[in-house]
Visitor: 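Please read through the structure below; I'll follow up with questions.
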Amino acid sequence: TLSVGLFQSLLELPSAGQEPRRRRRAAWTTGGSIVVLLFDDPCLPIKSQLGDLEDPDISPLLKAASSHNHSRFNALLQDGSDVNAHDQKGLTPLMAASFAGDVEIVKILLKHGARVNEQDTDGKTALYYASENGRAADVIPELLKAEADVRLKSGPTAKYLPGATPLIIAASVGSERAVEFLLNAGSDPNSLTVDGMTALDVARKPPLGRRPGHAKIVEMLERRSPN
């Protein structure tokens with residue numbers, strides 16, 4: 001499984017007489033880890049090794065937090081690793097563990113002073129990351145107990161639903177339990193994205209396609225905001 005922030009360099013095999021070229025692709029996830037794949041970028045040098053394109057600012061603690069590697073995580077913590085160290089995009093170990101749904105690591109990070117409302121360069125918080133992954137909902141109560149701010153929105157640079165609160169993100173991906181946690185914590189169902197979308201709007205017409213949880217989410221949101 002690839003760890004958070006690793007950059008995979010893919011070389012497209014050329015046809016006869018053609019030069020090889022790079023290709024770029026959006027960030028995505030695999031195996032509970034956040035991965036960035038790069039394609040179509042003529043500025044990239046041709047590399048054959050994955051490690052050659054690794055973000056030098058990614059801390060070992062962040063990698064361990066993203067991959068459920070508890071033994072490595074605990075060892076790094078005992079050695080004094082900075083729980084708030086971040087990579088070039090502002091991703092912290094708490095954000096990575098929250099997306100991975102690792103409740104144990106999230107608890108330990110919070111106990112050791114991880115800043116729960118830290119935002120990455122796109123304005124996303126650990127609560128946002130937990131809300132983005134439907135399988136990470138169990139992390140949300142821990143973040144809320146640590147006073148995670150349900151009102152914080154992603155910034156205009158976010159590629160998916162810029163200006164979204166964690167509630168809007170949870171509604172968009174069909175995470176029924178996340179929506180329930182967030183509503184009970186006082187999330188505003190009428191908050192708007194940059195494009196003027198509410199949580200109910202994205203639940204009714206999910207940008208990434210309809211999932212089983214969307215019907216129940218629409219019911220919950222209609223009770224809170226019937227319009």
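Just so it is clear, the structure is predicted and the values come from calculations on it, not from any experiment. Below, all heavy atoms of this structure are taken into account, side chains as well, without hydrogens, waters or symmetry copies. FYI, the numbering just counts along the sequence from 1.
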Visitor: Can you check side chain to side chain donor-acceptor pair (under 3.5 Å) on Tyr129 and Asp120, steps first, answer last?
Guide: CA-CA 11 Å; Tyr129 278 102; Asp120 69 10; 2.6 Å; yes
Visitor: Does any non-hydrogen side-chain atom of Thr121 lie less than 4.5 Å from one of Leu91?
Guide: no
Visitor: If a pair satisfies salt bridge (Lys or Arg N to Asp or Glu O under 4.0 Å) and one of its residues is in residues 144-158, list it, with sequence neighbours excluded.
Guide: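 Every salt bridge (Lys or Arg N to Asp or Glu O under 4.0 Å) pair that includes a residue of residues 144-158, provided the two are not neighbours, is Glu142-Lys145, Asp149-Arg151.
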Visitor: With distance as the sole test, does Ser187 use its side chain to make a donor-acceptor pair with the main-chain N or O of Leu182 at under 3.5 Å?
Guide: yes
Visitor: Any side-chain to backbone donor/acceptor pair from Ser66 onto Lys63? Under 3.5 Å, distance only.
Guide: yes
Visitor: Checking Asn133 side chain against Arg135 main chain: does a donor-acceptor pair fall under 3.5 Å?
Guide: yes
Visitor: Show me, pair by pair, the donor-acceptor contacts under 3.5 angstrom made by side chains of residues 169-176, not counting sequence neighbours?
Guide:
unit_1	atom_1	unit_2	atom_2	d
Ser172	OG	Tyr160	OH	3.0
Ser172	OG	Ile169	O	2.8

Visitor: Among residues at least two apart in sequence or on other chains, which ones pass side-chain hydrogen bond (donor to acceptor under 3.5 Å, both in side chains) with His112?
Guide: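 Listed in chain order: nothing, the list is empty.
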Visitor: What residues form a side-chain hydrogen bond (donor to acceptor under 3.5 Å, both in side chains) with Asp201, not counting sequence neighbours?
Guide: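 Asp201 satisfies side-chain hydrogen bond (donor to acceptor under 3.5 Å, both in side chains) with Thr198 only.
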Visitor: Checking Glu118 now: which residues fulfil side-chain hydrogen bond (donor to acceptor under 3.5 Å, both in side chains) with it, not counting sequence neighbours?
Guide: Arg115
Visitor: Go through the structure and list residues passing side-chain hydrogen bond (donor to acceptor under 3.5 Å, both in side chains) with Asp138, not counting sequence neighbours.
Guide: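 With neighbours one apart ignored, the set is Arg177.
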Visitor: Go through the steps to decide whether Glu219 and Arg224 satisfy the test salt bridge (Lys or Arg N to Asp or Glu O under 4.0 Å), and finish with yes or no.
Guide: CA-CA 9 Å; Glu219 291 178 12; Arg224 303 287 185 115; over 6 Å; no
Visitor: Please check this pair: side chain of Ser154 against backbone of Gly163, looking for a donor-acceptor N/O pair closer than 3.5 Å.
Guide: yes
Visitor: Give a yes or no on whether the backbone of Leu167 and the side-chain of Ser131 come within a donor-acceptor separation of less than 3.5 Å.
Guide: no
